[in-house]
Structure formats: C-alpha cells, structure tokens
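One structure is given below, encoded as structure tokens.
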Amino acid sequence: MNGVANAVMMRARPFYRWKSFWLGIFVLVCLGWGWRRAMKGNGGAEVTCLGYQAGIMNYEGRASFFVHVGLRRWGMSAGSYPRDSPAVWFVGPWDVEVSRGRPLPNGAMETPHAYFRFAHWFLMLVFLVLWSAWLAWKWKGEEERKLM
C-alpha cells in the first residue's frame with residue numbers, strides 16, 4: 001500500500017469519542033444547571049478560618065466568588081434561600097466590588113471584602129469558546145499525526 005491509501009485508512013477518531021468532548025459537555029450542563037438554580041434562589045458555601053472567609057455562591061443570576069478579611073470566627077456553612085423578586089436572565093457579564101470596610105447603620109463596622117461576580121451566560125460563553133478552540137486544535141493535531 002502506498003502512503004496516500006494508508007492515510008485514508010487511518011482517520012482520526014471522531015470527536016464524539018473523545019473524553020475531552022464529553023467532559024466539556026458535562027461542564028456546560030453544570031454551568032447551565034447553576035444558572036437555572038440562580039434564577040430560582042440564592043445560595044452558596046463558605047469557609048472561615050485564620051481571619052479570612054472565602055466562598056462561592058449563586059447570587060442575583062451570577063456566580064460569585066468572595067473573600068472577607070478580619071473575621072474572628074471559624075467554621076463552614078452552606079445554604080440557600082428562595083428569591084423574593086423575579087430574576088433577570090441576562091445580567092451584565094461581570095461585577096467587582098472591593099471595600100476596605102465602612103460603618104453600618106447599626107454602628108458596627110463592615111469587614112473589608114472583595115466580591116467577584118460573573119454572569120452564568122458569560123462563563124458558559126468563555127468556556128464554550130476556549131473548549132471549542134482546544135477541540136479544534138486537538139482535531140488538527142490528530143489529523144496531522146495520522147498523515148505522518
């Protein structure tokens with residue numbers, strides 16, 4: 001057999017047989033589920049130790065990552081609660097809130113904190129673009145390897 005006939009016979013595996021394809025589908029389904037859940041209620045989980053509190057949460061249609069500084073407690077917590085008002089499906093792509101602390105109406109001081117919020121649709125879009133580019137790059141590499 002010559003090289004051309006051999007190359008035709010040895011085609012790359014179809015992309016739907018790649019583990020990376022199905023892992024990407026799983027990630028997209030999880031992001032979609034989180035988005036749907038964020039529309040029904042707010043919730044999350046946090047860990048507090050050594051004066052820091054870090055956590056993740058669904059809040060106002062966004063996936064939020066936060067850090068509080070200067071807390072004098074230890075522990076973990078998780079929970080959720082239903083929304084009082086209808087949610088907006090397509091909020092802005094991201095939101096960042098950083099505070100050094102301020103006085104609250106009850107006279108206490110707010111702890112310094114940082115919130116990084118990303119809309120679920122934005123996370124899905126970024127993941128979809130990066131995942132598609134990676135699959136295309138992998139496909140091209142498989143095709144070139146089979147031709148050698």
Which atom pair, heavy atoms only, marks the closest approach of [X] to [Y]?
| X | Y | value |
| --- | --- | --- |
| Gly34 | Asn58 | O-ND2, 3.5 Å |
| Ser20 | Lys138 | OG-NZ, 3.3 Å |
| Gly92 | Ala119 | O-CB, 3.3 Å |
| Val47 | Met76 | CG2-CG, 3.9 Å |

Report task. For the pair Trp121 (side chain) and Val91 (backbone), establish whether a donor and an acceptor sit closer than 3.5 Å, ignoring hydrogens and angles. Result ->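 Indeed, once roles are kept as given, a pair shorter than 3.5 Å links the two residues.
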**Report entry** CA sep, side-chain torsions, deciding dist, call: Val27, Trp131, side chain to side chain contact (heavy atoms under 4.5 Å, CB included)
**Finding:** CA-CA 10 Å; Val27 170; Trp131 177 58; over 6 Å; no
Return the [atom1] to [atom2] distance between [X] and [Y], rounded to the nearest 0.5 Å.
| X | Y | atom1 | atom2 | value |
| --- | --- | --- | --- | --- |
| Glu97 | Phe116 | CD | CZ | 10.5 Å |
| Leu130 | Leu135 | CG | CG | 11.0 Å |
| His120 | Arg36 | NE2 | CZ | 12.5 Å |

Establish whether [X] and [Y] are linked, either directly or via other cluster members, by ILVMFWY side-chain heavy-atom contacts under 4.5 Å.
| X | Y | result |
| --- | --- | --- |
| Leu128 | Trp33 | no |
| Trp139 | Trp137 | yes |
| Met39 | Phe90 | yes |
| Leu28 | Leu23 | no |

Requested in this report: Might you work through the side chain to side chain contact (heavy atoms under 4.5 Å, CB included) test for Phe118 and Val126, ending with a clear yes or no?
Outcome: CA-CA 11 Å; Phe118 299 96; Val126 167; over 6 Å; no
Query raised in the report: Take atom CD1 in Ile56; do more than 12 heavy atoms of anything else shown fall under 6.0 Å from it?
Result: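 Atom CD1 in Ile56 is not packed in, count stays at 12 or less.
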Requested in this report: Take atom CZ of Phe127 as the centre, draw a 6.0 Å sphere, and report whether it contains more than 12 heavy atoms from other residues, nucleotides or ligands.
Outcome: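 Count over threshold, so yes.
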Query raised in the report: Would Trp35 and Phe122 count as a close aromatic pair, with their ring centres under 6.0 Å?
Result: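 Centroid distance Trp35-Phe122: not below 6.0 Å, so no.
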Report task. Would you check if Gln53 and His113 make a side-chain contact, meaning some heavy-atom pair closer than 4.5 Å? Result ->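 No, too far: nothing below the 4.5 Å cut-off.
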Requested in this report: Give the ring-plane orientation class for His68 versus Phe66, where under 30° counts as parallel, over 60° as perpendicular and anything between as tilted.
Outcome: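 Ring orientation of His68 relative to Phe66: perpendicular.
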